[in-house]
Amino acid sequence: MRLHCLVAALCLGVGAMAGKYSRELNEAKPSGGDGQTVEFRIAKLNQVWEKAKRMELSPVRHAELHSDLKIQEKDELQWKKMKVEGLDENGEKEAQLRRNFNVILAKYGMDGKRDARSLESNSLKDHDVKEGDIFDDPRLDKLWNKAESSGKFSNEELLNLKREFQHHKDKIHEYNILMDTVSRTEEIHKNVISPLEGDTKEHVLQQKHTELKEKMRDLNHGFERLRKISHEGFTEDSEFREPRVIELWEAAKRTNLSKDELDSLKEELHHFETKVEKHSHYQEQLELSHQKLQHVASLGDKEHIRKNQEKYNTLAEKTREMGYKMKKHMQDLSNKISRQGLQHNEL
């Protein structure tokens, strides 16, 4: 019962209008009632973080959540400044912030629902799970099994390809979360009485449908890339290894950027890929450190436990920090590609 109340409170916070974003209501004080420093400057983000600490999230998922909340915090504080300056008059940025927060809640199982969305792919999963099916999507599993048994890939190439498949699976999950939030918004929209309120919610709904179309287009492009690689293998001129970087590069190539602009972006993406790989390495080390800490804890040597706990805490903090910087960099690159592509398409 207590869990449902917390979730309801969080969801109400997401759905509130501009007044609910006031400094008094949403910005947390530097320290809590017990004198301890709070993690975030916005109260609802601290609520999510405190709840997450009581959940059985893996160390990597916990660090990922922290990075996502830091990005959300940055965007919300930036939005507050925009609002003061009289920008975002149509509420588009505010609606996007609500969507992003809803995605975070659903992504980490905090929206009060038993998360079956990862096992669905836009009503495509009308099949029994078979041995060897690892991506919870019939098209992905069929494609992966064919690629794995084709003999076209070295062990390293299979590893890279598997990362791309996993990334695509995660993108499907995000799409299904957004589909769910749109469905809920439509239900609310049907019950609206005030014409003015109806216009506001209609605008929010249109924005969500636009985002859905964009994500579906990206999913289709991503699946087509996986299908091509699975049948033909990697080409010698493959530019990148990391799925998120590959996704950005493929998006950039679909714009009308000049060769010089693409070359400049390619160099920046190579630097970003190094950052992504370093973050992935730290995530692996964090998981290993957690396993070691659990082993040491089972032995009961307090001094040994203390030393390993300190190492684990330091590594967790570093992983969270790197995750935030990596995600912020990716956000900046995505915005840059979108803006440049739009400018060129308008010429």
Side-chain angles (χ1 to χ4, degrees), residues 60 63-64 67-68 71 134-135 137 139-140 143-144 146-148 150 152-175 214-286 319 321-345:
V60 170
E64 284 285 287
S67 301
D68 284 341
I71 292 289
I134 57 176
F135 297 108
D137 181 282
R139 297 193 304 167
L140 287 182
L143 210 53
W144 168 253
K146 185 177 290 186
E148 191 178 28
S150 68
K152 295 177 182 176
F153 302 94
S154 66
N155 289 337
E156 184 180 355
E157 286 175 334
L158 272 178
L159 206 59
N160 290 336
L161 184 60
K162 189 173 185 179
R163 286 210 303 270
E164 285 203 50
F165 270 80
Q166 182 62 49
H167 179 67
H168 191 79
K169 173 188 172 182
D170 293 341
K171 298 293 286 185
I172 292 174
H173 188 199
E174 289 179 15
Y175 177 81
E214 290 173 356
K215 284 189 177 294
M216 178 51 76
R217 186 177 64 246
D218 289 342
L219 280 174
N220 289 335
H221 282 301
F223 183 79
E224 180 57 29
R225 171 184 163 79
L226 290 176
R227 190 197 63 76
K228 186 176 180 181
I229 293 175
S230 297
H231 285 82
E232 301 175 10
F234 286 101
T235 58
E236 292 183 3
D237 61 345
S238 295
E239 295 289 347
F240 304 101
R241 298 176 301 277
E242 287 293 332
R244 281 169 286 195
V245 185
I246 291 168
E247 186 177 34
L248 289 169
W249 178 239
E250 293 295 324
K253 289 194 295 184
R254 290 195 295 271
T255 66
N256 295 323
L257 296 177
S258 67
K259 184 179 183 303
D260 287 343
E261 288 170 323
L262 280 174
D263 286 342
S264 175
L265 181 62
K266 186 192 296 183
E267 185 176 349
E268 188 174 358
L269 286 173
H270 276 298
H271 290 303
F272 176 61
E273 184 170 56
T274 301
K275 187 179 290 186
V276 174
E277 289 174 338
K278 189 174 181 182
H279 177 241
S280 296
H281 171 73
Y282 268 82
Q283 286 182 317
E284 291 171 6
Q285 293 304 307
L286 179 64
T319 306
E321 180 186 342
M322 290 182 67
Y324 167 71
K325 289 179 179 178
M326 186 269 291
K327 290 187 177 188
K328 183 179 181 300
H329 194 174
M330 183 171 180
Q331 189 183 61
D332 292 342
L333 284 167
S334 297
N335 292 337
K336 181 179 180 180
I337 291 169
S338 297
R339 279 198 311 272
Q340 289 183 342
L342 181 61
Q343 288 168 1
H344 280 258
N345 288 332

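Annotation: side chain of Leu226 is not in contact with side chain of Trp144 (no heavy-atom distance under 4.5 Å). Contact annotation: the side chain of Thr274 never approaches that of Lys278 to less than 4.5 Å [non-hydrogen atoms, C-beta and beyond]. At least one side-chain heavy atom of Glu250 sits less than 4.5 Å from a side-chain heavy atom of Lys253. The side-chain heavy atoms of Glu242 and His167, taken from C-beta on, include no pair separated by under 4.5 Å. Counting only heavy atoms from C-beta outward, the side chains of Glu148 and Phe153 never approach each other to under 4.5 Å. Side-chain contact between Leu248 and Phe240 is absent, with no heavy atoms from C-beta onward closer than 4.5 Å. Between Glu64 and Lys327 there is a side-chain heavy-atom pair separated by less than 4.5 Å. Within the 4.5 Å cutoff, side-chain heavy atoms of Phe165 are placed close to those of Ser230.
The distance from atom OG of Ser280 to atom CD of Glu273, rounded to the nearest 0.5 Å, is 10.0 Å. Within the model, atoms CG of Leu262 and CG of Asn256 stand 10.0 Å from one another, a figure rounded to the nearest 0.5 Å. Rounding to the nearest 0.5 angstrom, the gap separating the CD1 atom in Ile337 from the CH2 atom in Trp249 is 9.0 Å. For the atom pair OG (Ser334) and NE2 (His329), the distance works out to 10.0 Å, reported to the nearest 0.5 Å. The CD1 atom of Ile71 sits 5.0 Å away from atom OH of Tyr324, with the distance rounded to the nearest 0.5 Å. To the nearest 0.5 angstrom, His271 atom NE2 is 11.5 Å from Leu333 atom CG.
Counting heavy-atom neighbours within 6.0 Å of Asp263 CG, excluding the residue itself, gives a total above 12.
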Worksheet entry | Chi angles and distances behind the side-chain contact (heavy atoms from CB on, under 4.5 Å) call for His231, Leu143 | CA-CA 9 Å; His231 285 82; Leu143 210 53; 4.0 Å; yes

Worksheet item: Does the pair Asp137 and Lys169 meet the rule for a side-chain contact (heavy atoms from CB on, under 4.5 Å), with working shown?
Response: CA-CA 8 Å; Asp137 181 282; Lys169 173 188 172 182; over 6 Å; no

Discussion item. side-chain contact (heavy atoms from CB on, under 4.5 Å) for Asp218 and Arg254? Distances and angles first, verdict last.
Written reply: CA-CA 11 Å; Asp218 289 342; Arg254 290 195 295 271; 3.7 Å; yes

Practice prompt. Could you give me the CA-CA distance, side-chain angles and deciding distance for Arg227 and Glu224, then say whether salt bridge (charged side-chain N to carboxylate O under 4.0 Å, His left out) is met?
Written response: CA-CA 5 Å; Arg227 190 197 63 76; Glu224 180 57 29; 2.6 Å; yes

Item to complete: May I have the step-by-step check of side-chain contact (heavy atoms from CB on, under 4.5 Å) for Asn220 and Met216, ending in yes or no?
Response: CA-CA 6 Å; Asn220 289 335; Met216 178 51 76; 3.8 Å; yes

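Using a 4.0 Å cut-off between charged nitrogen and carboxylate oxygen, Asp332 and Lys328 count as a salt-bridge pair.
Between the side chains of Arg163 and Asn160, at least one donor N or O lies within less than 3.5 Å of an accepting N or O.
Remark: the backbone N or O of Ala147 is paired with a side-chain donor or acceptor of Ser150 at under 3.5 angstrom. No side-chain donor-acceptor contact under 3.5 Å links Thr255 to the backbone of Ala251.
For Asp170, there are no salt bridge (charged side-chain N to carboxylate O under 4.0 Å, His left out) partners at least two apart in sequence or on another chain. Among residues two or more places apart in sequence or in another chain, the salt bridge (charged side-chain N to carboxylate O under 4.0 Å, His left out) test is passed with Lys152 by none.
Taking every heavy atom of both residues into account, Ala252 and Leu257 meet most closely at O-CD1, 4.3 Å. Among all heavy-atom pairs drawn from Glu239 and His270, the shortest one is O-CE1, 3.3 Å.
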